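Comments concern the structure below.
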There are 2 protein chains.
Amino acid sequence: MATLGNCIGMMDEGIRRLSDALPELPVDKAKLSRLMLMVGGRVQEELEHTLKPHRLNHSEFLTLMILYSSPDGSSTPGELCDYTSQGATNMTRIGNALVTRGLVVRSASEEDRRRVRIGITPNGRRFVQKMLPTLFPRLSAMFDGFGESDRRQFGRLLRKLADNLDRLDEGTGR
Amino acid sequence: MATLGNCIGMMDEGIRRLSDALPELPVDKAKLSRLMLMVGGRVQEELEHTLKPHRLNHSEFLTLMILYSSPDGSSTPGELCDYTSQGATNMTRIGNALVTRGLVVRSASEEDRRRVRIGITPNGRRFVQKMLPTLFPRLSAMFDGFGESDRRQFGRLLRKLADNLDRLDEGTGR
DNA sequence: GGCTCATATTTCACTGGTGAATTAAAAAGG
DNA sequence: CCTTTTTAATTCACCAGTGAAATATGAGCC
């Protein structure tokens, strides 16, 4: 038990039973949404598992990567919230965690004194350069057997789903 | 900002910049994994958003649905942990939450006195019957424009990714 | 210039989830 | 049998993330 395969089997069976009693249930779509939740969750577990030895969690890693790959190596909490889809509260915690480890520094912005600049340190850059390649093997294994065409299709479908979700949020104000 | 579309654009750009300096980065796969994380997360937010008025979170909803769709309407914490991929600790909390609302009841198992049976109540069934259909409209909208062939492809690719993840876990003991 | 409103960040209290230890009962092995 | 090991559920202490309020600065407007 506890493999994704088993969970997916249970899900298929459960939705089948549900749909017997509830014919208006959109079976395919329900299955796809469950698949997204289950597989997406497992991808995240996988990532956090390989991140753990480096004592980073997903959101800290993402924040650091954004700083690393940004042209001038710095940003502000507000921007980072947008890019990472994290709340401001959590970004304060992330900043604290990264500052404590010497991977980034905070400094007061001079144009706008409400703002704080967060910049990656030389130390932080070295850390990323060492840590990042350790993610590649498992990342590659995750998509073993995905040919050129599968990858293109998968990307297309995920982006299409993303568009729909954006349209859904528009309505609700979000 | 904060739309998935924008986040995805940033991601594409960031990975492009990364790959300039790091040619061994598996660009396609990195993008697909980021897409899974971003879109999967948003699907979950979407679900929890429509669940909120019913005062359920994702794991409580899933647990209740499993009980609802199980042949005899009951299970045990241990089984529910497997099916929902939740830890035992959290299943205790979920049980407490659902019991408090009168949607399920706990009872001692007679064959094995270590076990606890958790069963959905008539009240719980009525609750599901009322609540479940309110999820359909947004669920359908999520996959607007996904034709028969897109749905089949998407399902195939997600299941394939799930297989790979199971194989990855095997190695690590998980 | 001074008042009001908006924006950026942080603090605080809380929810949801996890790992380690605890309790209790079943199963296994002389 | 009786000891040891395994399994099931819970409790406890903690980590990650959120919403509401606090703080401080900038912007818009008579």
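This is a predicted model, so every value here is computed, not measured. Residue numbers start from 1 in every chain, and the chains themselves are labelled A, B, ... in the order their sequence lines are given, proteins ahead of strands.
A nucleotide of DNA chain D counts as in contact with chain A when one of its atoms lies under 4.0 Å from a heavy atom; the first and last such, 5' to 3', are D/dA16 to D/dG26.
Between A/S85 and B/R42 the shortest side-chain heavy-atom distance falls below 4.5 Å. Between B/E13 and B/R17, some side-chain heavy-atom pair lies under the 4.5 Å cut-off.
Ionic pairing of A/R117 and A/D112 is not present here: no N-O contact between side-chain nitrogen and carboxylate oxygen is shorter than 4.0 angstrom. Using a 4.0 Å cut-off between charged nitrogen and carboxylate oxygen, A/R16 and A/D12 do not count as a salt-bridge pair. Residues B/R151 and B/E148 are paired through a salt bridge, judged by an N-O separation under 4.0 Å between the basic side chain and the carboxylate.
Whole-Å rounding puts the A/N96 CG to C/dC12 P distance at 12 Å. The separation between B/L51 atom CG and C/dG16 atom C1' is 14 Å, rounded to whole Å. Taking atom CG on B/L98 and atom P on C/dG16, their separation rounds to 12 Å, with Å as the unit. Look at CD on A/E48: it is 15 Å from C1' on C/dG19, rounded to the nearest Å.
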Between A/D28 and A/K31, is a salt bridge (Lys or Arg N to Asp or Glu O under 4.0 Å) present by the stated rule, with each step listed? CA-CA 5 Å; A/D28 281 12; A/K31 283 189 184 180; over 6 Å; no
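With hydrogens and angles left out, the side-chain atoms of A/Q153 and A/R156 include a donor and acceptor closer than 3.5 Å. With hydrogens and angles left out, the side-chain atoms of A/R159 and A/N164 include no donor and acceptor closer than 3.5 Å.
The side-chain contact (heavy atoms from CB on, under 4.5 Å) with A/D169 is formed by just one residue from the set B/H49, B/E45, B/E46; it is B/E46.
Across the interface with DNA chain D, nearest-nucleotide mapping of B/T92 and A/Q44 shows B/T92 to be the residue nearer the 5′ end. Both A/E111 and A/Q86 lie close to DNA chain D; mapped to their nearest nucleotides by heavy-atom distance, the more 5′-ward contact belongs to A/Q86. Between A/P77 and B/R93, it is A/P77 whose nearest contact on DNA chain C lies nearer the 5' terminus.
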Check the interface with nucleotides 20-25 of chain C: list each N/O to N/O pair with the protein under 3.5 Å, or write none.
| residue | atom | partner | partner atom | Å |
| --- | --- | --- | --- | --- |
| C/dA20 | N6 | B/T89 | OG1 | 3.4 |

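Residue contacts shown for B/R106 are limited to sugar-phosphate atoms, with no base heavy atom under 4.0 Å away.
Separating the CG atom in B/D163 from the CE atom in A/M142 is a distance of 13.5 Å, to the nearest 0.5 Å.
Distance alone, capped at 3.5 Å, is enough to place a donor-acceptor pair between the A/R101 side chain and the A/R55 backbone.
Listed candidates were C/dT18, C/dA8, C/dT10. Nearest to the side chain of B/N90 is C/dT18.
Residues from residues 52-76 of chain B that place a heavy atom under 4.0 Å from any atom of DNA chain D, listed by number: B/T76.
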